[in-house]
Amino acid sequence: MPVKVLFVTSEIAPHSKTGGLVDISAALPRALKRADCDIRILTPKYGNIDPSSFQGESTGNRIRGSVEFHNQKIPISFLEMQADTSAAPTYFLECDALYDRLGIYVDPLTNQDYADNDDRYILLSRAAFSLCNAMGWKPEVFHCHDWQTALIPFYLRNTSAGIGYENSRSLLTIHNMAYHGLFDKNTVRRIGGAEPYFYPGSPIEFYDKVNFLKTGLELADVLNTVSPTYAREIQSAYEYGWGLETILKRRSNRLLGILNGIDDELWNPETDSRIPFRYTAESLDQKKLNKKALCKRVGLPYSADVPVIGSISRIVHQKGFQILAPVLTEVFNLPAQVVVLGTGDPNYEHTFREAARTFPDRFAVTIGYDEDLAHLIEAGADMFIMPSLYEPCGLNQMMSMRYGTLPVVRATGGLADSVTDADSDPEHGTGFAFLEYSSEMLLQTLGRALNAFRDVGRWQRIQRRAMKMDFSWNHSAAMYLELYHFCLENPPWEPQ
Ligand code: ADP
Ligand code: GLC
């Protein structure tokens, strides 16, 4: 019998996207469905999601249900969609008052989190049960992701919402420990049935505030995160666990690291329709033409001998801009050119805009979210830089390897698990990695990469090896399937 899973996520590609979670929400259920899992997805219907734009997708029913919210029973509905027969059925939770907005978590007009983010994700978590009730379908596993759906384990075990789901289990996947879903203690009244569980040291409480992620970490039957190294790091120190590391350590025998995959159809240089020149490991000359196209597109002069270093990223502290920004001049002297695409922290955005004005031949920055340019950078750049302070998994280093764009990374989290340093392991090297979080080490490692780049034969050998790595979802999906079985074969978690 296929395992029945409700996959509850706050973002899903291509409909709502802020970062890597969306890629996972689209690709993993698809791979699991192929592996004969009865998997269904629940996600909010945000304002930018227009049902009439679901090209080729069958618009199914509108399922009606009701939910206990702020001590009232309110009606809600779910719009059923299935992209194609190999996709998992997706249920878009409709509640315009909470989701019909321009942004996902942050109001683009003020750059602030929406003040009612607690309500928005309380409703999503509660709605998981309403949807299943309305469908008359009992998932064996509620698969939750990050703080936005981390209250589900609480509802499952501690409230009347969980009645009838005693045999179901909850799995919480941690994509990033830095975002807790931390709210004022008054939020406890809005959760529904949570007041008796709010006291110092309780699962919901964190320094007199309500912490959604902590609730899930304490109560979910099983936990996992998106790379084996990150699974170890988050148990080891505050800088990775953000104050929740002792809980994770306590739960280590139910906490597993599974490296994400990438969508290898979407990210395939041989078939990618978004790049001007398609290529394989055997036709790397075509890659140079993409480099020319990239330089033209971002306004840099093209030079075969000067490497283009790409970066596509949320411009935030996590991604290591703190060690990159201060040494840009030294990077340009290597010599190298840098192409950045991203949005985020206005201070870094400003620094980058200034640097682009000062070094127009060396540096190009595009502030914004641009899928086409992202593909062109992957195809056209020679190297890809990810000096992350921490990185739960990271997808771009894997996409880069697939495109023969060698990653230069800090060996943390999923970067450590997916990139092998070509100097320390010449036979297996697929990129360049350093451990110490400093501008000096970053520069030194870029210097090593540049040396390798000058040796064309060696560079191409590393490129070919990187391009042949298998980062598809098949392997990771099989591990998730095993994890679902692990959830079912073990007794429910008994919190202390
Ligand atoms: P994170 O989830 O921490 O942001 P990941 O590496 O897991 O990092 O995933 C980032 C995803 O978002 C990748 O698919 C990347 O290409 C994409 N991305 C990030 N910023 C941009 C941008 N400005 N334009 C286009 N794609 C972007
Ligand atoms: C988070 C992490 C990133 C990871 C992604 C998907 O956004 O920052 O490293 O790849 O989730 O799991």
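In each ligand, atom 1 is the first atom listed, and ligand 1 is the first ligand listed. Atoms considered below: every heavy atom in the structure, side chains included; atoms not considered: hydrogens, waters and symmetry mates.
Taking the six-membered ring for Trp and thresholds of 30 and 60 degrees, Phe359 and Phe332 have ring planes inclined between 30 and 60 degrees apart. In this structure, His145 and Phe7 have tilted ring planes: the angle between them lies in the 30° to 60° band. Ring geometry for Trp473 versus Tyr480: interplanar angle of 30 to 60°, hence tilted.
Looking at His175 against ligand 1, nothing comes within 4.0 Å, counting heavy atoms. The part of Asp370 lying near ligand 1 is the backbone, judged by heavy-atom distances below 4.0 Å.
Taking every heavy atom of Gly342 and a limit of under 4.0 angstrom, the matching atoms of ligand 1 come to 23 (N). Close approach of ligand 1 to Arg314 is summarised as follows: ligand atoms under 4.0 Å from at least one heavy atom of the residue are 1 (P), 3 (O), 4 (O). Close contacts of ligand 2 with Val226, meaning ligand atoms under 4.0 Å from a residue heavy atom, involve 12 (O). Residue Glu391 has at least one heavy-atom neighbour below 4.0 Å for each of these atoms of ligand 2: 3 (C), 8 (O), 9 (O). Atoms of ligand 2 lying under 4.0 Å from at least one heavy atom of Asn176, given by number and element, are 8 (O). Each of the following atoms of ligand 2 lies closer than 4.0 Å to a heavy atom of Asn260: 6 (C), 10 (O), 12 (O). The distance from ligand 2 to the heavy atoms of Gly394 drops below 4.0 Å at these ligand atoms: 3 (C), 4 (C), 9 (O), 10 (O). For ligand 1, the atoms lying closer than 4.0 Å to a non-hydrogen atom of Met399 are 14 (O).
Taking a cutoff of 4.0 Å between a charged side-chain nitrogen and a carboxylate oxygen, Asp370 and Arg297 qualify as a salt bridge. Ion pairing between a basic and an acidic side chain is recognised when a charged N comes within 4.0 Å of a carboxylate O; Arg274 and Asp372 show such pairing.
Assignment of Lys319 to the shell around ligand 1 is supported, since a heavy atom sits closer than 4.0 Å. Distances shorter than 4.0 angstrom occur between a heavy atom of Arg314 and an atom of ligand 2. Assignment of Gly368 to the shell around ligand 1 is supported, since a heavy atom sits closer than 4.0 Å. At least one heavy atom of Ser313 sits less than 4.0 Å from an atom of ligand 1.
Among residue pairs with one or both ends in residues 341-360, those qualifying as salt bridge (Lys or Arg N to Asp or Glu O under 4.0 Å) are Glu354-Arg357; sequence neighbours excluded. Applying the salt bridge (Lys or Arg N to Asp or Glu O under 4.0 Å) test to every pair with at least one member in residues 386-398, sequence neighbours left out, gives these pairs: Lys319-Glu391.
For ligand 2, the polar-atom distance check against Gln318 finds a nitrogen or oxygen pair separated by under 3.5 Å. Where the criterion is an N or O separation shorter than 3.5 Å, residue side chain and backbone included, Cys393 meets it with respect to ligand 2. Of the polar atoms of Glu371, none of the N or O atoms is found under 3.5 Å from an N or O of ligand 1, judged by distance alone. Annotation: Ile312 places no N or O atom under 3.5 Å from an N or O atom of ligand 1; distance criterion only.
Within a 6.0 Å radius of NE2 in His350, no more than 12 heavy atoms belonging to other residues, nucleotides or ligands are found.
The only option from Phe206, Trp147, Tyr114, Tyr121 that meets the ring-ring contact (aromatic ring centres under 6.0 Å, His included) definition with Phe183 turns out to be Trp147.
A donor-acceptor pair under 3.5 Å is absent between the side-chain atoms of Arg410 and the main chain of Phe434, judged by distance alone.
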Phe352/Phe363 under ring-ring contact (aromatic ring centres under 6.0 Å, His included): CA gap, chis, key distance, verdict: CA-CA 9 Å; Phe352 288 153; Phe363 190 51; 5.7 Å; yes
